[in-house]
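Notes follow the structure.
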Amino acid sequence: MKNNTEAFGENVFSLPVMEQRLSGSTFASLKKTIDTGSELDASIADEVAKSMKEWAMEKGATHYTHWFQPLTGATAEKHDSFIFPDFKGGIVTIFSGGELIQGEPDASSFPSGGLRATFEARGYTGWDPTSPAFIKYDGAGAATLCIPTVFCGYHGEALDKKTPLLRSMKVLSEQTVRLGKLFSIDCGDTMANATLGSEQEYFLIDADLYAERPDLQATGRTLFGKASSKHQQLDDHYFGAIKPRVATFMADLDLELWKLGVPAKTRHNEVCPGQFELAPVFETLNISVDHNMITMEVLNTLAEKHGFACLLHEKPFAGVNGSGKHNNWSIMGPDGKNWLSPGDNPHDNAKFMTIVVALMKAVDTHAGLLRASVATAGNDHRLGANEAPPAVVSIFLGDQLTDIVEQIEAGGASSSKDGGDIHLGVDLLPKLPRGNTDRNRTSPFAFVGNRFEFRAVGSNQSPAGANVVLNTIVAEAFDCICTQLEDAVAGGKEFNVALQEVLAGVIKAHKRILFNGDGYTDEWLDHAAKLGLPNLVATPEALEVLASEKTKDVFAKYGVLSNEELESRYNTYKETYETVIGIEANTALDIAKTLIVPAVVTAITEYSEVAAVAGITGEMSSLLEQVVSGIAQLESAKGATAEIAAMNELRASVDALEALVPADLWPLPSYNEILRV
Ligand code: ADP
Ligand code: MG
């Protein structure tokens, strides 16, 4: 079979497609909005809508939808056909500029954390022209033009993940452009952009086995299951040869994504058997977020087509690795260059070091908020479990960069660990070799040569939340540093002298956030506690950061989230957490009562006649008693913490029974069977 390279990008209404199909003036106006973030000229909307409709209909689409990202963390759509009566007994197709720009999906059942009750129940969607529209084929004959939109309340209150993301990109751009000017980079009104590449880990299991696991179906993870004797201990799956059935799936996946303009690049086996990874090439942040949401959806639907179930949960299986979503983040300046790439000359390096130091300030000031941005019930299983970063947020810079930071703090960098002169300023900074940073897999926030990698995002999460936080806190740090520099220069100080002083001050205040060692050790956790770095182990305590004055202030100051919008998120995420744990508890109870107990009773009955296995029978009986009391305990548990503790206890007895009960009587497919696609 040959891949159809002509299909690449065929389902996306990209800029080149628009350039071809729109009039010159309309395209130019739209492009200006995209490049500069200026307001959309509503008078072009009719032409864009008509062109979009024609293009979509050529591709078989009969419907369009405003495609948005509510606080559930998933995507949402409500299809409308292009159909309209001609009032002569026939039918015409219409898609107006008004319909493109704004929708009223009602959508009153999405979580709003109380926000909508106080305003108006109705929600509105608004076109995001910066992210291209695309066509989704859901089934035979079902093709829909999907238009990425924001989702807001009547007064513009954000009810979704995209609105604050776009706002945060704007403030980051403003502060980046301002910083650029201090380094004599002036590109008019061109925006700076954050860039994102989000590596996506996932599990594939056989669909038939999935159908026999009510826990996976209801909660995305196994609530019971004894570790198999051989799983990932030999690291023989990681980067191993990809089995044909999986390779076929991956090829299909890549092609589907490429058709949608998602630049899927890397595919490989991950550490755990049955676990895989897909990494795209990085893109402008909001497009990359949209593309990750599309990727998760295509993973799920294609898996089904290939007889698999795709598990995106952070911890589908206990005792083996879970899945994350490494968030590779950088800043592309208005000059189109990556500003986290160490430059060839001292001037660029001074800018680079300024950004690195600003990140230290941002992450140290808001370490708890970053942690809160990845706080979900699923991710709690992963953070700090010696496979993913610890819940303590720190920054890894590697030895060489750390050394330079220390020299700046001490009054000026004048030598590099690699030799050669380094000074801060036009003739004052070292040549920084690229990509020579060590790999430290234990760090939650690591510099990796030309970008930072935030490794704590959960595999199942929208990447939006973490990046809203990153953009906003970095904008705040830039703002503060720019103000200090501007004031010093206005006061007559030479720029390089001012820069040295300002950076040294920031480093002094925030260097505790740097940690190059092993983040999994207890020594680090103890030390981090002494340094005052927050260690927010579980979601409930992490989410409290969203209610703090510091968080409210930074979001409100930069117009990313008002206090009310933030509070609504806090309420929503808390409620989601409790609901998820509640569903897990109920599912565990169902399985224990209706599947596990009967199987164990059968086993005990069968064994009871045979004296030779009396020992095993006795063991099963006493474990069964534990299961029964575990059920009672879980039934009476109130609140997430108690439910989690009771589930863990129940699981321990059930998993011990799985080791004793005859395999053909055990009602759930074992880890051994599941983890071997
Ligand atoms: P690794 O597993 O070594 O981290 P991968 O290739 O799996 O490497 O993933 C690296 C990710 O980082 C890719 O998505 C890549 O496109 C992305 N990336 C590279 N440069 C940048 C950048 N400037 N901004 C954002 N992401 C980037
Ligand atoms: Mg990576």
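Numbering of residues begins at 1 and proceeds along the displayed sequence. Each ligand, and each atom within it, is numbered from 1 in the order the structure gives.
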Between N338 and ligand 1, find which residue part has any heavy-atom pair under 4.0 Å and reply side chain, backbone, both or neither. side chain

Closer than 4.0 angstrom: is that true for some heavy atom of [X] and an atom of ligand 1?
{"X": "K265", "result": "no"}
{"X": "M332", "result": "no"}
{"X": "R451", "result": "yes"}

Do ligand 1 and [X] have nitrogen or oxygen atoms that lie under 3.5 Å from each other?
{"X": "P280", "answer": "yes"}
{"X": "S198", "answer": "no"}
{"X": "W329", "answer": "no"}
{"X": "F282", "answer": "yes"}

With a 4.0 Å cut-off, would you call [X] and [Y] a salt bridge?
{"X": "E406", "Y": "K511", "value": "no"}
{"X": "R371", "Y": "D380", "value": "yes"}
{"X": "R245", "Y": "D206", "value": "yes"}
{"X": "K31", "Y": "E19", "value": "no"}

Show the atoms of ligand 1 that are less than 4.0 angstrom away from any heavy atom in V281. 16 (O)

Which option out of L196, N328, N193 puts a heavy atom nearest to atom 12 (O) of ligand 1? N328

Would you please classify the geometry between the F151 ring and the F68 ring as parallel, tilted or perpendicular, with 30° and 60° separating the classes? tilted

Can the positive tip of R455 be found less than 6.0 Å from the middle of the six-membered ring of F396, inside 45° of the ring normal? no

Are the side chains of P263 and E283 in contact, using a 4.5 Å heavy-atom criterion? yes

